[in-house]
There are 2 protein chains.
Amino acid sequence: MTERMQNAADAGPGPHYLALRDHLAGEIAQGALAVGARLPSERQLQLGSGAARGTVREALFQLEAEGLIYRRDRSGWYVSPPPVVYDPTRWAGFMAYVAEQGRVPTTETLGKQSVAASAADAAVFGCAIGTPLFALDRRRAIDGRPVLVERILVDPVIAPDLLDEGLDGSLTAVLTGRYGVRVVRNHVEMRPCALIKDVARALGVASGTPGLLVVRRSFDAGDRIIEYDHEYWRHDAIRVLVEVRTRD
Amino acid sequence: MTERMQNAADAGPGPHYLALRDHLAGEIAQGALAVGARLPSERQLQLGSGAARGTVREALFQLEAEGLIYRRDRSGWYVSPPPVVYDPTRWAGFMAYVAEQGRVPTTETLGKQSVAASAADAAVFGCAIGTPLFALDRRRAIDGRPVLVERILVDPVIAPDLLDEGLDGSLTAVLTGRYGVRVVRNHVEMRPCALIKDVARALGVASGTPGLLVVRRSFDAGDRIIEYDHEYWRHDAIRVLVEVRTRD
DNA sequence: GAGTGGTCTAGACCACCTT
DNA sequence: AGGTGGTCTAGACCACTCA
């Protein structure tokens, strides 16, 4: 379907950068450029295509936006691995569902600290601005490639010694096992965004790379917020899937 | 949070295009550039900033990727209206949930025809390749601004005279009211994509504009597929929200 | 240190939208 | 017809990665 709707009318000549895009996309589809393979350098593509470097880069940006390739800052362009499927209705934690799909998940804690609640945080936690909250910054990778960075906020009242725990696994498991918390409701919000500044740096991507922002809020039976999580994903690493039974 | 994580370390000078981005983002935040307002032309921004036009365009692309502005092909750059919230678990149809949010939805039928099932379609419908299917192409707008184009496939066996119906409203309503179909399960898949070719043209955007692809499949109680829908959204027009009660 | 992508310049012509 | 964004060229220097 994507192919049918978006590749119709391939006939016309169109811009040069789209011709180069089609050429590279073809090599990826045919396997001449395998998953994870590095593309020729921009200057080599320039020679091969006779275009200016800016035009070559436009073709590469197009493929990046489509999720076919990605870049490692100042290292090169590479063919993207297939995305993992994320189902917010069957939330099992990153480590679990990535492993289930035959991939190797890893988590790295970038920092843990106590921060003062911003106005927005205070609204979510129902506390006063400036109230201390635990903030956990993590980077997660699939098959060694960083795919997201996240910041999780937790109310210290719920997990007083959280920052002393091992936090490279499932945070939900820690909250459940160690603090007896029971999550009964998840609220998940998603939107395309651009990865910039800190986030881009942490993921090793160029600022402005397209991404997906996933905001998760977990609540217990008393509707207390348990986790407030912002995940910045590389947009080509994730596919969201929701399965819903219509209520009668 | 977005602000906290992404705007930290604003101190450094950084690239010129990010400085211009910050300037324009500030004007939008402060309301100096109102929602729907048109930005100065690229050449005017060039004069104001002393940068080359390519640099100005980089700043604009950045803001576009963040969803703050959008372009009308060869007309200009405009401040994006706020997104509508889409909740696949409370699926009520585009016309309904857009109106609920105080916006004005419209639908336009671009074409309706019988097409032969592709290999992918055949797999979804459980039919042979080449089997005739009804295809409905529509464009939908919010407050007059086109936000998505879609192609819906329906099995003629389920709705034999579908193409003779009025199809500018809710298709699900037609299938339910006229053909007695009952949808009990929805399968929704989402991923960032690039809007290219036909889709870009139909939305009046430049090829390569970032978008969101939503694929919906509806099933009845007998697990027969009722609707198979591909929606290509402008990425700044939609925000996905899922609310899930954890099963016990 | 060689090579890579990241940023930037200063032009140019075109297709298309707007008036 | 004039202005807009879309495409393209042919350079340049820089920050960074990698061997």
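Throughout, a chain's letter reflects where its sequence line sits, starting with A, and its residues are numbered from 1. Treat the numbers as computed from the prediction; the structure is a model and nothing was measured.
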Using atom [atom1] of [X] as one end and atom [atom2] of [N] as the other, report the distance to the nearest whole Å.
| X | N | atom1 | atom2 | result |
| --- | --- | --- | --- | --- |
| A:L47 | D:dA10 | CG | C1' | 13 Å |
| B:L20 | C:dC8 | CG | P | 10 Å |
| A:Q62 | D:dT7 | CD | P | 9 Å |
| B:Q46 | C:dG11 | CD | P | 10 Å |
| B:L18 | C:dG6 | CG | C1' | 11 Å |
| A:I196 | C:dT7 | CD1 | C1' | 17 Å |
| A:R71 | C:dG6 | CZ | C1' | 9 Å |
| B:E64 | D:dG6 | CD | P | 9 Å |

Taking 4.0 Å as the cut-off, does a side-chain nitrogen or oxygen of [X] come that near to OP1 or OP2 on [N]?
| X | N | result |
| --- | --- | --- |
| B:S75 | C:dC16 | no |
| A:R57 | C:dG6 | yes |
| A:R72 | D:dC16 | no |
| A:Y17 | D:dT7 | yes |
| A:R53 | D:dT9 | no |

Return yes if some donor-acceptor pair links the side-chain N/O of B:S80 with the main-chain N/O of B:G67 below 3.5 Å, else return no. yes

Kindly give the heavy-atom pair with the smallest separation between B:P83 and B:R239, and that separation in Å. CG-NH2, 3.4 Å

Please compare A:R74 and B:G54 by the position of their nearest nucleotide in DNA chain C and report the one closer to 5'. A:R74

Assign each of A:E42 and B:R43 to its nearest nucleotide of DNA chain C by heavy atoms, then name whichever residue's nucleotide is nearer the 5' end. A:E42

Parallel, tilted or perpendicular: rings of A:H230 and A:Y232 (30°, 60°): parallel

May I ask you to decide whether A:R71 forms a salt bridge with A:E64, counting only side-chain N to carboxylate O separations under 4.0 Å? yes

Using residues 34-41 of chain B as the side-chain source, report each donor-acceptor pair under 3.5 Å to any protein atom, sequence neighbours left out, with the distance given to one decimal.
residue: B:R38; atom: NH2; partner: B:S75; partner atom: O; Å: 2.7
residue: B:S41; atom: OG; partner: B:Q44; partner atom: N; Å: 3.2

